[in-house]
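This report concerns only the one structure given below.
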Amino acid sequence: MQGQLKAMPVRPDVDSLDLRPSARALEVREQLVDFMHTKVFPAEAAYEAHRAEKGLHDSSVPPVVEELKAEAKSRGLWNLFLPSESGLSQLDYAGLAEITGWSLHLAPEATNGQAPDTGNMELLHMFATREQSERWLTPLLNGEIRSAFAMTEPDVASSDATNIQTTITRDGDDYVISGRKWWTSGAADPRCELLIVMGKTDVDAERHRQ
Ligand SMILES: Cc1cc2nc3c(=O)[nH]c(=O)nc-3n(C[C@H](O)[C@H](O)[C@H](O)COP(=O)(O)OP(=O)(O)OC[C@H]3O[C@@H](n4cnc5c(N)ncnc54)[C@H](O)[C@@H]3O)c2cc1C
């Protein structure tokens with residue numbers, strides 16, 4: 001195996017990539033590791049106890065989650081995923097997200113870096129109107145509401161977006177959305193106020209432009 005690795009061709013374009021974290025990322029990393037050990041891991045028992053007490057079909061938020069969010073905010077460990085908020089690159093964030101993965105039920109949400117909100121916030125950050133930003137992006141960035149992403153449908157192989165059957169039709173000043181979605185993570189969260197729905201506005205268009 002070692003012999004095979006040695007025989008690999010040199011790729012100057014790839015070999016010259018600098019994947020080292022920035023000085024600021026190293027600083028945040030140290031703070032994040034401290035947060036994990038002093039606040040997140042000790043909170044896991046309270047989180048598990050809440051879930052055990054409420055049962056499988058409960059969507060209430062264990063109080064310890066909001067306590068951790070307040071603590072992370074006060075430590076500046078908040079919205080690390082968004083370069084314009086954190087001043088970190090996405091390469092820097094990758095290493096930090098790995099650390100929050102050490103306590104998957106608590107740490108991503110505690111630092112406002114949880115799916116699907118992060119992707120939804122990125123989408124709003126890039127494309128939302130001012131009105132949409134005020135209504136959804138600002139409260140999401142503040143951790144006041146949550147959001148969900150509705151793509152998967154019961155009747156089609158939903159990993160391929162071209163199969164999606166939900167239609168979005170313009171009707172005067174409104175859009176009529178017809179379809180059925182399931183497996184939408186977070187839709188039952190009492191704080192969920194925004195669903196980003198995948199559908200087709202033109203079923204006759206070229207396959208990847210519908
Ligand atoms: C815990 C959990 C959370 C989820 N959260 C969400 C959510 O928030 N929002 C949401 O919309 N969905 C969510 N889902 C649904 C999930 O994203 C879908 O199950 C996934 O996209 C796969 O779609 P599918 O189940 O229709 O499988 P399929 O699309 O039927 O795929 C099944 C398998 O077949 C393969 N396959 C499919 N088409 C082809 C092809 N043409 N050629 C070769 N191979 C193919 C796929 O790669 C896959 O291995 C969640 C699922 C889970 C388990």
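When a ligand or atom number is given, it counts from 1 through the structure's own listing order. A quick note: this is a predicted structure, and the numbers were derived from the prediction, not measured. Just so you know, these numbers use all the heavy atoms, side chains as well, and skip hydrogens, waters and symmetry mates.
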Quiz item: Closest non-hydrogen protein atom to atom 12 (N) of ligand 1, residue and atom name please, with distance?
Solution: T152 OG1, 2.6 Å
Quiz item: How about Q90: does its CD atom have over 12 heavy atoms from other parts shown lying under 6.0 Å from it?
Solution: no
Exercise. Find all atoms of ligand 1 within a distance of less than 4.0 Å from any non-hydrogen atom belonging to M151, and give their numbers and elements.
Key: 10 (C), 11 (O)
Quiz item: Less than 4.0 Å between atom 42 (N) of ligand 1 and some protein heavy atom, yes or no?
Solution: no
Quiz item: Does CZ belonging to R75 count more than 12 external heavy atoms closer than 6.0 Å?
Solution: yes
Practice problem: Please identify which atoms of ligand 1 are closer than 4.0 Å to at least one heavy atom of V156. | Solution: 26 (O)
Practice problem: Answer yes or no for atom 49 (O) of ligand 1: protein heavy atom present at a distance under 4.0 Å? | Solution: no
Practice problem: Answer yes or no: are there more than 12 heavy-atom neighbours, outside F41 itself, under 6.0 Å from its atom CZ? | Solution: yes
Quiz prompt | Nearest option to atom 27 (O) of ligand 1, as decided by whichever heavy atom of A187, G186, S185, S158 sits closest | solution = S158
Quiz item: How about atom 7 (C) of ligand 1: does it have a protein heavy atom within less than 4.0 Å?
Solution: yes
Quiz prompt | Verify atom 3 (C) of ligand 1: protein non-hydrogen atom under 4.0 angstrom away | solution = yes
Quiz item: Heavy atoms of the protein only: does one fall short of 4.0 Å from atom 14 (N) of ligand 1?
Solution: yes
Quiz prompt | Residues, nucleotides or ligands: over 12 heavy atoms within 6.0 Å of E206 CD | solution = yes
Quiz item: Is D92 close to R24 at the side-chain level, that is, under 4.5 Å between some pair of heavy atoms?
Solution: no
Quiz item: Does the protein put any heavy atom within less than 4.0 Å of atom 52 (C) of ligand 1?
Solution: yes
Quiz item: If we ignore angles and hydrogens, is there a donor and acceptor under 3.5 Å between the side chains of S86 and N79?
Solution: no
Quiz item: In Å, rounded to the nearest 0.5 Å, how long is the span from CG of L106 to CD of E48?
Solution: 8.0 Å
Quiz item: What residue and atom, counting heavy atoms only, is the protein's closest point to atom 1 (C) of ligand 1, and at what distance?
Solution: W183 CZ3, 4.6 Å
Quiz item: Salt-bridged, K200 to E153, with N to O below 4.0 Å?
Solution: no
Practice problem: For atom CH2 of W102, decide whether the heavy atoms of other residues, nucleotides or ligands shown that lie under 6.0 angstrom number more than 12. | Solution: yes
Quiz prompt | Option nearest atom 36 (N) of ligand 1 (shortest heavy-atom distance, choices A148, A157, S159, A150) | solution = S159
Exercise. With heavy atoms of T184 as the reference, note each atom of ligand 1 found under 4.0 Å away.
Key: 7 (C), 8 (O), 9 (N)
Quiz item: Which residue holds the protein heavy atom closest to atom 9 (N) of ligand 1, what is that atom called, and what is the gap in Å?
Solution: F149 O, 2.7 Å
